[in-house]
Structures are given as C-alpha cells and as structure tokens.
Amino acid sequence: MDSSRQRRVPLTGYTDRLSASPGETVHFKLSALGADPTAPRQVRSWLMHCICADPNPQGPGIIERSAEQWYEAQQHAVIEQAFAAGSCAISPAVELPANAATVELSARIWPTRLDGSVQCILSWGALALCIDDDNTLSLRLGERVLSLPQPLIERRWYRVTLCLQRKGKQLEAILQQSTVGKPDPSGKHNTATDSLRAATVIDAERLDALLMGTHSVVVAASLTDGQYQDHYNGKLEAPGIRTMNPHLDRAWSLSWDFARNMHSGTIDDNEARNLPLTLHNHPTRAMTGSLWSGDEMCWRHAAAQYAAIHFHDDDLVDFRWQDTFSFTIPDDMPSGVYVMRVSDGEHEDALPIFVCAPTGRPGNRICMLVPTFTYAIYGNHARPDWHAGWQQRIKDWNTYPYNPAQYPGYGLSTYNYHSDGSGICHASHLRPLFNLRPGYNTFGESHCSGLRHFQADSHLWAWLDAMKLGFDVITDRELHDKGVDCIAPYDVLLTSSHPEYHTLETLDALRHYRDGGGHLSYLGGNGFYWRIAIHSEEPGVLEIRRAEAGIRAWASEPGEYYHAFDGQYGGLWRRNGRPPQQLCGLGFSAQGEFNGSHYRRCNHDPDYDWVFRGIDTDIIGDFGFSGGGAAGFELDRADYHLGTPDNATILATSENHSDDFILVPEEMLTHLTTLPGPPVSELLHANIIWFEVAGGGSVFAVGSITFCGSLPWNDYDNPVSRLLMNVVEHVLQDD
C-alpha cells in the first residue's frame, strides 16, 4: 500500500454524534500515536464556545470563549486506537461436514484493480480462492499452490471455482474460470468459450489437517490473527461453499444471495442455517451484477440483476473506537457552536459539538441551520490541487496542520475516488474529519481566507454574535429525525453558506416551516442540490449516488443510480422533481474558481427600500473574506419555469464574473443552446430575491456561497452586513 496511507496524526479523535440537546450525551473517542495501555498519554480536555473559525490574521481570526461553567477541564489516559481500511463480509464460525469427498468454493467476480497484489475472493481458514500477485486466479492453502496460466482482465465478469476432489490418499485440486456473458432471454447466463482450467494433486492428509475445526467464511478478504488482509477490489456475487459426502444423498452447501436485505449490513444465508454474512466497512450494495440486462434501472424492480457488492481495499466509514470520555449537555447550557479541545502538551485537536435547544423550547427567536450532512459528505476531501507549498500558509497563519491529501489513510470524502477509480459513495462523521476543525484552510493559496463549510459558516455565526443577535442552532440531523417541530417555534431560520445535501425529510420540514409562517433566509449557493440516503441500521452513515447531470466529482455507473439504503433514485433533487427553486426561489446556475464579484441593485421599487436602508450604493459586496466578493464560486439564480414563485421579486443581480465561470451541465443542451433558452452569458449570475407565501411565511435568498464571507468585512460595518440586518430586523418587527 502507498506509504502515505500509513501516515498517522499524533493526537486526534471524533464523536459519536455531532449535535446534542440538554440531557443528551456526547461520547468522545481519542487516539494518541504510540501510546498503549501500559504507558497511556495524559490528555487534557476543555470546552470552548466557538465564535469564529477563520484563522486569517487579516480577518476576524479564531475567536473562542471559555465554556468552563458547563464543563470543567479534565485529564484522560489516552492510548493509540487502531483502524484499518478495506471492506469484506464475514460469517459466524462454520464447521464443514467431516469426510467430505468434494469441497468446492465458488463466486462470480468483476475485478476492478489488478495491480499485482494478492486479493482474496473467498476463504475458509487456510483454504482460499485468490487473485495472485501475477493477477491470475489461484488456490492457496496457506501459500500459493496452483494458478491459472493467464491473468484476469479488469471489468469483466467471471465465474471462478476451486474444487477439491478426494481420490484415495491424494486429492485433486481443480481451478477454473469462465467468462460470464450477457444473460439470455430466460435470465440464464451465456457462458463464453474462453474458459481456463488447471489441476494438481495435493496430499489428502495435509488437507484434512487444514480443514479441521471451525472457521468463518470471509468474502473479499482473508483473516489472519484477527486482522483482515488481502482485500479484493471489485464486484462480487453468489459466494458459496459446497461439499459432498459419499454417504449422503445430497450435497451440503452454504451460500449467500447479495440481492437479499439490500438496505442492511447483514445478509442471511440461502439455506437458513443462521449463518449470515456481516459486512465490514460498508462496501457498496445495489450494484449491477452479471445478470444485469440493462432493461431495468431500479434494483427494487429486478433485485436478481443487482446481486453484486462492490468491495474496495480502502472502504473506511466507522473507526469503531472505544470511548475515552463523555459529556452530558447540562440543562442550562445555551444552544450554540462549541469545540472540545484536547491536548497532550505538544499536540492538540478540537472536536466540534453543535448544542441544540430542546424541541419546542427555543432559547431565541433566530435559528441557524447547520448542514452536518454536507460536512460529512465533504469530510476529508483531498483536493487534487493540494501541494506542499500550502504548508507555508499553515505556518504563517498557525492553521490546523493536517490535510486529507497528506493523510488519506483516514478515509477520503465522496468527492474522491477509491483506489480502483470508482467514486466513493459512503460518508460518515464516525472518524476524524480534518476539515471539520477550527482553522482548517481549504484553499491554501487563495488571496482570501480560503475557507469552506464549517470554517466559512463561522462568518455567519460571528456576525450574529457581533450584531448581538441571539440564536439557537439546529442541524439537519434533528431536521431529518424530528421534522418541522424542531424549527417551527423560530421566527427566523438562517441557512449557512452551502446547505447542499438533503433528505426528503429535511426538504419537507423546511417547506412546512416556510408555508407555516416561518421566515427562511437562504444565505448560500448550490443549496438543496443532491439527494442522500441515511442507513437505517447505522444513522451516522450516508449514501450519495452521482446520477445523471449535475457538476459531479465522479459519475455513477449506468444502472446504479438508486440508493441501496432506501431504494430511492439518487442524484439531483431537480431530477427528483424537487428543484431548489421550489423551496427558496433560487437554484444552482454557475460555478467558477474560488473568486467573487459583487451584486448590483436592480430593483428601486419604494416597497423594497427597507431592504436597502442605510446602503447608499447600488454595488453591494465588492469585498469579502471568501473569494474577495459577496457573489462568487457557486451561483444560484431565479428560474420561474423550475419553481421560482411568480411573486418573487429580484432585488439584485451579480455581475462582472471572471472568465472561469461556467454554466452547470443540467442547464446545457448543446454547445450552443441552453435549457432555459438565453445564451450562457446571460445565465452566469446570482440573484438576491424576496417573496412571501400564503401561510404568512417569507423567503430571502442570496444565491452565493461567498455571501457570508463578506459579513465580517470592516469589522461588520459594510453594505452586506447592513442588508442582512435589515432583513432580520424587518421579519422580527413584523412578528
């Protein structure tokens, strides 16, 4: 494995949950490199109220206040906690029938990374069917025994079989692979003629010794001394073991159908022996298998065609570390953004906690919606443009020092690829996420603060603090679990800079809030864009399918657009009949490099002068700590065809964007024509809009990721700050 994947951080950790309300407990899981139970590392923990997470010395800086009245600093004995990448499936211990005349291991495989490493397809104890270091199918009995003469080919379906046949005191080992063709109209395989077969003779007594005892069946890896090794990269289906005893009329078999329990982390065996396979490290389910004909795109309608699981040697979702300590949120602790800082005297880490008000008991009239699903989806995003030169800014600004590009072994984001080139579609906060830390810098060479997500969102809550606007926080986790009830009491709901990833439940809750009389301020760009699914058994695990259209880090394979977790069509909410314009009036239109321009006021109707009160210029936001301008990077615009309400008023429109901005793919028809109709140049902008709904609710939307980065400019005394303050005061006064 690449040595960079073995790099470890001296002190790090994560929490079992990102948000909690009074009375709920957060569990902290820490690891200190090189520390063991005989010599644990002494680590101190203390709690801080996070006001701003921007390390830019020209900006607000990192601002934190002591929260010791709710958590008294403590000392903990911390050891190094292990973790390992790679997915597989394992059964309970199995004892094969005694005196078997024949033992057969089989599966169908679609390898995706034949790189000269040993990859185990199916194993039971020392007996294993593998891909060897010359990329050929092989039999292993502890060591290599037999191989086929020709290497496998990537992305081709094979049926592979290992058969051991007893012949007196000797045993013949037969290894066979056959290319699997497209199914015929009856649904059976058409097996190609390019089959390979090899045989050898093994001492039967030696084999009998190896086959004694009970062992787990392991799929897509081997198990040695409790450690998974030799991970397989590729799709795999129909694994099974079959034995034949001459004294019995029929064979004994054990097999698994991966089309069963599709949403689950366990798969029952076909023979009802109570020997299910348990999936380790969340390989990808609902994958097209060897029977997929292309006639059906949804696995729910043709499960047998989706009987494959894609395993990877770098799947890594939940570290499953032991708790180091816990913290129960006190009843009187105010809602807000906090960080638990930990230090061993030389190294330090900071783990965010979003403290929510109890449902139905708000502490303030304003609520900020924290997009933790988006944080997790982007968690440990290793940017392709990272290079060692970024270290200079880390040194100059004293920023968070670790970057996923340097430490990929902690698991990468859904904006990265697996080692076999397939897109990562599972995300989780149940591991250290470097970019979910105060002071983390996303763009190491930008002319501004270079922040995204958690750190960029802190510009908004720093503004609220500076304006003395008390606020509570609610995350999309509460929104998903509890629905509109957790936000209904608030007069104002503010989104952050990039609320991109949502479930059906979160979108419904926001719509009900708006239509029920609440005011929604959408203060970002590229929001409400992708649909995600949440694992029913492990709610900390999220799934994304990069289906057709959209600006995508990677593209799902044809036929693999439906989530395994909930069976719903993935991809853009726009493709699911819920374009963002229906909720907030704006939707994603254009993207450029991390730079920004300004808005120009385009509406001078006196009825809307209240929005611009105290602003004596039509140009708004030609400054900022995100991209250098309030309208930048990713831009949303109104589109009445897609659902922008007829009564929505466009107050301002961005202009003068740089040449690197492009129209999003879902808006393009050809190189000359666009779906909305106007030429590309007329669609590369953001709008600021206001509209009201029949139930008494209202929406203010700005359509730019970089908008919040302009709020702290000039010590919060600027037109962008004034604009937002006017909107908030207007809504609060009306109520």
Side-chain angles (χ1 to χ4, degrees), residues 47-67 334-339 341 350 352-356 363-372 374-375 397-400 435-443 446 448-475 492-499 521-525 596 621 623-630 632-633 702 704-729:
L47 187 66
M48 301 295 288
H49 187 186
C50 181
I51 308 301
C52 186
D54 182 353
N56 186 351
Q58 303 300 316
I62 292 180
I63 305 172
E64 295 178 354
R65 298 178 187 139
S66 173
S335 178
V337 183
Y338 296 83
V339 289
R341 289 199 169 267
I353 315 169
F354 302 100
V355 176
C356 306
N364 293 280
R365 297 176 65 187
I366 299 172
C367 178
M368 187 184 71
L369 180 62
V370 178
T372 55
T374 297
Y375 294 168
W397 288 10
N398 191 28
T399 69
Y400 182 78
N435 53 347
L436 190 56
R437 297 293 191 266
Y440 180 87
N441 194 253
T442 299
F443 298 99
S446 64
C448 55
S449 293
L451 308 181
R452 292 202 66 193
H453 307 301
F454 173 75
Q455 302 79 20
D457 293 345
S458 75
H459 288 143
L460 175 58
W461 64 72
W463 177 83
L464 289 164
D465 180 81
M467 297 295 106
K468 303 189 183 308
L469 294 170
F471 68 99
D472 293 349
V473 301
I474 291 291
T475 80
V492 178
L493 180 68
L494 308 176
T495 79
S496 54
S497 65
H498 194 36
S521 274
Y522 168 43
L523 304 179
F623 50 81
F625 294 109
S626 291
F633 189 45
V702 303
S704 166
I705 276 185
T706 62
F707 178 87
C708 290
S710 297
L711 293 171
W713 193 263
N714 192 37
D715 197 24
Y716 307 96
D717 183 12
N718 63 74
V720 174
S721 175
R722 182 71 258 172
L723 184 80
L724 183 56
M725 191 66 174
N726 288 340
V727 171
V728 172
E729 288 180 337

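Nothing here was measured: the structure is a model prediction, and the numbers come from that model. Because only heavy atoms are used, hydrogens play no part in the values below, and waters and symmetry mates are left out as well, while side chains stay in.
Residue A350 comes nearest to R437 through the heavy atom pair O-CD, 2.8 Å, listed as atom of the first residue, atom of the second, then distance. Nearest heavy atom pair, residue C50 against residue E64, reads CA-CG, 4.2 Å. Contact detail for W397 and C448: the closest heavy-atom pair is CH2-O, 3.6 Å. Residues T374 and P499 approach most closely at OG1-C, 4.0 Å, considering heavy atoms. P60 and F625 get closest at one heavy-atom pair: CD-CE1, 4.1 Å. Smallest separation of non-hydrogen atoms from S710 and G624: OG-CA, 3.6 Å.
A distance of 13.0 Å separates CE of M368 from CG of L469, quoted to the nearest 0.5 Å. The line from NE2 of H453 to OG1 of T442 is 6.5 Å long, rounded to the nearest 0.5 Å. One distance of note links OG1 of T372 with CG of L436; it measures 9.0 Å at 0.5 Å rounding. Of the inter-residue distances, the one linking L464 atom CG with S458 atom OG reads 11.5 Å to the nearest 0.5 angstrom. Rounding to the nearest 0.5 Å places NZ of K468 at 7.5 Å from CG of D465. Here the CG-SG distance, from D472 to C367, works out to 6.5 Å after rounding to the nearest 0.5 Å.
Using a 4.5 Å cut-off on side-chain heavy atoms (C-beta onward), L523 and L711 make no contact. Side chains of L451 and H459 form a contact here, defined as non-hydrogen atoms less than 4.5 Å apart. The shortest side-chain heavy-atom distance between S335 and I474 does not fall under the 4.5 Å cut-off.
Here the side chain of T706 pairs a donor or acceptor atom with the backbone of A630 at under 3.5 angstrom. Counting only distance, with no hydrogens or angles, the side chain of S449 and the backbone of N56 share no donor-acceptor pair below 3.5 Å. When atom types are taken as modelled, the side chain of S704 and the backbone of G525 share no donor-acceptor pair closer than 3.5 angstrom. A distance-only check finds a donor-acceptor pair linking the side chain of N718 to the backbone of V720 [under 3.5 Å]. In terms of modelled atom types and a separation under 3.5 Å, the side chain of Q455 and the main chain of G450 share no donor-acceptor contact. At distances below 3.5 Å, not a single donor-acceptor pair connects side-chain atoms of R65 with backbone N or O atoms of H49.
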### Check against side-chain contact (heavy atoms from CB on, under 4.5 Å), W463 and S721
CA-CA 8 Å; W463 177 83; S721 175; 2.8 Å; yes

### Candidate pair V727 and V492, rule side-chain contact (heavy atoms from CB on, under 4.5 Å), full reasoning
CA-CA 10 Å; V727 171; V492 178; over 6 Å; no

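With ring centers used as reference points, W461 lies 6.0 Å or more from Y338.
N441 and T399 form no side-chain donor-acceptor contact under 3.5 Å, judged by distance and modelled atom types alone.
Considering D457, V370, I705 as possible partners of S496, the one that fulfils the side chain to side chain contact (heavy atoms under 4.5 Å, CB included) test is D457.
Aromatic ring pairs are classed by plane angle as parallel below 30°, tilted from 30° to 60° and perpendicular above 60°; the pair Y375 and F454 is perpendicular.
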